[in-house]
Amino acid sequence: MKSILWRNIFREFRFSFARFISIATLLGLGVFVLIGLKVTGPDMRMTGNNYYTSHKMADAMINSNTGITKADQSYMRTLPHIKKIEFGTAKDAVIKGSDKSIRVGSKTNQLSINKVVSGRLPKSNNEIALSNHEKSKYKVGQTLRLVNNKGNANISGLKHASYKIVGFVTSSDYLMKENLGATSAGTGQLSTFGVVNKSAFTSSRPTIARISYNNVHGKSYTNQYEKQVQSNVDNVESRLNNRAKQRQSKLKTDAADKLNDAETKLTAQQTKLNRSKRQLATATSQLKSATAQLNQLRNSGQASSTQLSPQQAQLTAQAKQLNANRQQIMANQAKINQAKDRIADQKKSLADLPNITYQIQSRNDYNSGYNQFGEDAKRIDILSNTFPIIFFAVAILVSLTTMSRMAEEKRQEIGTQRALGYSKFDTMKLFLIYGTLSGLLGSTLGAWLGTSFLPKKIFGAYAANFVIPNFQTPPSPFWICLSVIISLICTIVPTAWVAIRMLKDQPATLMLPKPPKSGSKVLLERLPFIWKHLSFNYKVTIRNLARYKGRMLMTILGVLGCTALLITGFGIRDSLNGIVQTQYKDIIHYDVIGVYNSHASKESQQDYRKAADNLSGIKHETDIYYETVSARPKGMTNNQSVSMIVPKSAQGFDKFVTLRNLNTKKKIKLSNNGAIITQKMATLANLKVGDHLTVKTTNGEKHQVRITGITEMYAGHTLYMNQQYYRKAFNQSADYNAKMLMLNDRSAKNIDQVSRKLTRQNASITAVQSDDAKTTINNILAGLNHLVMIIIGAASMLAFVVLFTLTNINVSERIRELSTIKVLGFYPMEVVMYIYRETFILSLLGVLAGFVGGAWLHNYIMQTLPPETAMADLTLLWTNFTTSGVMTLIFSIIVMAIMVRKINRVDMLGALKSIA
């Protein structure tokens with residue numbers, strides 16, 4: 001009997017193989033998406049943390065706009081919780097023959113070290129190790145030649161302009177492959193980096209201090225680590241700012257004392273010179289008197305020429321000496337005047353001396369690549385909290401229905417086995433084995449693909465922007481075990497529950513077929529003006545839909561979930577793709593902001609403005625004040641970088657930037673009573689019109705800014721205000737330091753050329769290109785598009801399997817009904833449409849419901865998915881709905897085409913006999 005039982009179990013697998021595969025596929029898809037999305041974020045953070053640890057990445061960094069003195073180095077070593085501190089220097093230059101900028105940094109030994117990929121680190125001051133990203137362009141042994149912005153080999157701060165390439169390295173300071181940060185060299189965007197010895201720099205004073213702390217715990221990106229580091233940074237920020245102010249005050253005092261001493265010496269020299277001038281005047285007067293007397297004697301005739309000759313010679317000699325003295329006095333006066341002019345210029349320069357800054361930042365702030373990598377991992381976390389739930393919910397619902405129906409189908413078989421003397425446990429073995437194997441197969445395949453395939457695909461998409469290698473995807477015991485448990489519950493519990501309930505009946509009762517459900521009137525039958533106009537086929541279809549309410553609900557819910565997933569997937573792609581068009585066509589119209597040093601000499605500033613005015617291809621230009629400030633919304637750990645723009649003239653500023661309300665598209669004007677903030681910053685800080693935002697400058701000063709408008713913007717944070725309100729909020733007049741340019745030719749190549757011309761000027765600080773934010777958006781798109789396509793593919797497969805499984809159940813449980821209508825003379829296509837008409841209607845209802853669900857899910861995802869510096873367009877395109885709906889309906893047609901073969905092969909006689 002046992003062997004017969006096992007043969008019966010194996011035969012069930014053979015006869016219902018399609019159902020077995022469907023259940024396994026459903027569960028596999030659910031597990032695949034669940035594990036794949038749940039482990040990718042943690043795996044990315046773990047991979048990143050391993051990379052940072054291997055490079056001994058600094059917890060924080062202090063940057064100075066001037067050299068750090070030995071006294072201040074000693075002071076920094078005494079700051080709280082310092083474990084290690086290492087000082088270094090960096091200078092920017094241009095690679096000869098190109099517009100590419102390079103940051104040449106000093107070699108480190110303890111923190112943020114450079115790991116050699118090939119070759120070695122530099123040993124002498126004319127050797128350099130380049131970024132490993134440059135390995136395809138250069139070789140070890142080649143010479144790298146650098147120039148300054150003017151194309152000369154004399155680079156400020158560096159002893160040499162030519163370096164021998166001795167190796168290629170990686171660094172945790174430069175995690176991005178492109179756009180490594182802002183620079184004063186080249187086009188204003190840092191292209192690559194190199195490492196040299198400290199002896200390669202002309203100054204012994206460092207400009208960078210890298211710090212590691214002794215009180216931080218946890219791995220990178222964990223709340224424990226990030227909060228502690230930021231707390232350490234916040235605690236010493238005011239100390240460093242005060243230290244910088246003290247140094248600046250001392251610097252000014254010392255300089256003023258030197259100037260006063262110089263003025264005192266000049267005053268003494270001027271007094272002495274004035275005395276000489278008076279003596280010269282007296283001597284000149286005496287000479288004139290003696291000359292007059294001599295002429296008088298000559299004219300009177302009482303003396304002869306011979307007698308007057310010695311006196312004449314003496315007077316001539318005196319005149320010559322006086323003239324020489326006069327020339328000397330004039331030369332000395334000219335020198336004194338020049339010295340006075342120099343002192344006056346030095347006094348003005350001293351008054352205009354930029355503030356010395358010691359800016360301390362955590363990893364999130366000093367390293368944009370670190371922050372962006374964490375944001376990318378966080379975006380996967382957000383998706384993992386939504387998509388897997390829907391996938392698994394649909395898979396669970398359909399699996400529960402399928403397995404419950406399987407138990408119902410075996411009612412008579414269970415009764416027969418019990419009548420033959422099989423135990424209750426024996427009769428349940430089929431369900432237990434069938435459910436266990438299908439659950440294990442689906443969860444195993446899903447776990448395998450979800451652990452290896454999906455995370456690697458996602459990371460591969462994001463890794464295109466980062467230099468972080470060696471992605472690690474260790475199995476996650478928690479999620480794998482949870483997935484297996486859920487899968488087994490879905491496949492075993494429903495069948496076991498139905499079987500246990502049936503086993504309470506007597507075998508004789510079980511051997512009888514279950515009475516069919518009694519029919520009842522549907523709502524439409526109570527509306528005769530509609531019901532009478534329906535054909536017989538549609539009346540039967542409507543009654544059948546109402547008769548099998550459970551299957552109807554499962555089909556609608558299954559299709560709803562799949563359609564919602566497809567709409568969201570397509571919507572994410574199109575919403576992000578639309579950002580670039582909206583941002584750079586409707587909102588941002590300028591191309592370059594050329595920032596120059598407002599503390600430079602008048603001549604240098606005039607040269608810069610003249611160069612900007614003389615650029616060809618300029619459509620519009622205006623003067624602005626530009627400064628990068630920071631803000632930290634309440635509840636956030638890291639600071640947000642905000643570009644503050646103050647136009648010199650508010651009139652016509654809409655030629656450069658369109659300030660408008662996100663919802664109404666109504667234009668917003670700059671006000672004397674407040675500032676305009678971009679939408680994403682307002683969302684992060686939970687700001688509304690009338691609220692205040694606290695911003696912090698690089699020297700640590702905090703200012704409160706009142707918000708009078710919130711403008712639409714999709715990338716980056718910007719703060720706009722007019723000069724009147726700037727003076728009110730910052731207690732000083734705007735020191736216009738930038739040119740905002742709109743070009744006729746807005747191509748990236750032309751923007752780079754214009755930027756390069758601006759950075760060649762002595763007063764130039766950097767060139768900010770408006771499409772820098774476009775790079776950020778494109779990086780987001782590149783990563784998400786791959787992920788979205790995977791989700792769309794999985795959702796499509798889920799929709800197909802759901803429709804196939806439910807339609808298969810529908811056909812299987814209505815074999816007798818189909819046999820009856822075939823015997824009654826229905827044509828084959830009529831029999832097929834008898835079933836398909838119901839499937840199509842349910843699919844259509846599910847699609848329509850999915851439109852609502854997809855719109856809600858897309859809105860939720862797009863509000864939470866973009867990073868802290870970007871915002872997405874929440875608008876769904878009509879194509880998102882039609883494409884998703886048509887795809888789902890096509891799947892239902894394909895499923896029905898597969899079912900045609902099964903329907904046509906129905907054994908009518910056998911099916912009708914089984915009723916008795």
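Worth knowing before you read on, the calculation uses all heavy atoms, side chains too, and leaves out hydrogens, waters and symmetry mates.
With Thr678 contributing its side chain and Thr718 its backbone, the two residues share a donor-acceptor pair below 3.5 Å. Counting only distance, with no hydrogens or angles, the side chain of Glu701 and the backbone of Thr697 share no donor-acceptor pair below 3.5 Å. In this structure a side-chain-to-backbone donor-acceptor pair under 3.5 Å is missing from Ser764 to Arg760. Panel note: side chain Ser98, backbone Val94; no donor-acceptor pair is recorded below 3.5 Å. Of the possible donor and acceptor atoms, one in the side chain of Asn197 sits under 3.5 Å from a partner among the backbone N and O of Lys123. Judged purely by atom type and a 3.5 angstrom limit, Ser64 uses its side chain to pair as donor or acceptor with the backbone of Thr66. Using modelled atom types, no side-chain atom of Glu226 and backbone atom of Asn638 make a donor-acceptor pair closer than 3.5 Å. At distances below 3.5 Å, at least one donor-acceptor pair connects side-chain atoms of Arg363 with backbone N or O atoms of Met57. In this structure, the side chain of Gln73 engages the main chain of Ile68 through a donor-acceptor pair within 3.5 Å. No side-chain donor-acceptor contact under 3.5 Å links Asp99 to the backbone of Gly186.
Remark: Arg632 engages Asp234 in a salt bridge, criterion side-chain N to carboxylate O under 4.0 Å. Residues Lys250 and Asp254 are paired through a salt bridge, judged by an N-O separation under 4.0 Å between the basic side chain and the carboxylate.
In this structure, Gln270 and Lys340 have side chains that are in contact, with non-hydrogen atoms separated by less than 4.5 Å. No side-chain heavy atom of Val233 sits less than 4.5 Å from a side-chain heavy atom of Gln361. In this structure, the side chains of Val592 and Ile751 come closer than 4.5 Å at one or more pairs of heavy atoms. You'll find the side chain of Met721 stays beyond 4.5 Å of the side chain of Arg706, heavy atoms only. Residues Val147 and Asn152 fail the side-chain proximity criterion, which asks for heavy atoms closer than 4.5 Å.
Across Asn241, Asn63, Asp72, a single residue satisfies side chain to side chain donor-acceptor pair (under 3.5 Å) together with Tyr358, and that is Asp72.
Side chains of Tyr225 and Ser220: a donor-acceptor N/O pair is absent below 3.5 angstrom, by distance only.
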Decide yes or no on salt bridge (charged side-chain N to carboxylate O under 4.0 Å, His left out) for Asp59 and Lys83, but give the supporting numbers first.
CA-CA 10 Å; Asp59 296 321; Lys83 181 180 180 181; over 6 Å; no
Begin from the C-alpha positions of Ser124 and Asn126 and carry the test side chain to side chain donor-acceptor pair (under 3.5 Å) through to its verdict.
CA-CA 6 Å; Ser124 60; Asn126 65 342; 2.7 Å; yes
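Using a 30° and 60° split on the angle between ring planes, Phe730 and His703 fall in the tilted class, from 30° to 60°.
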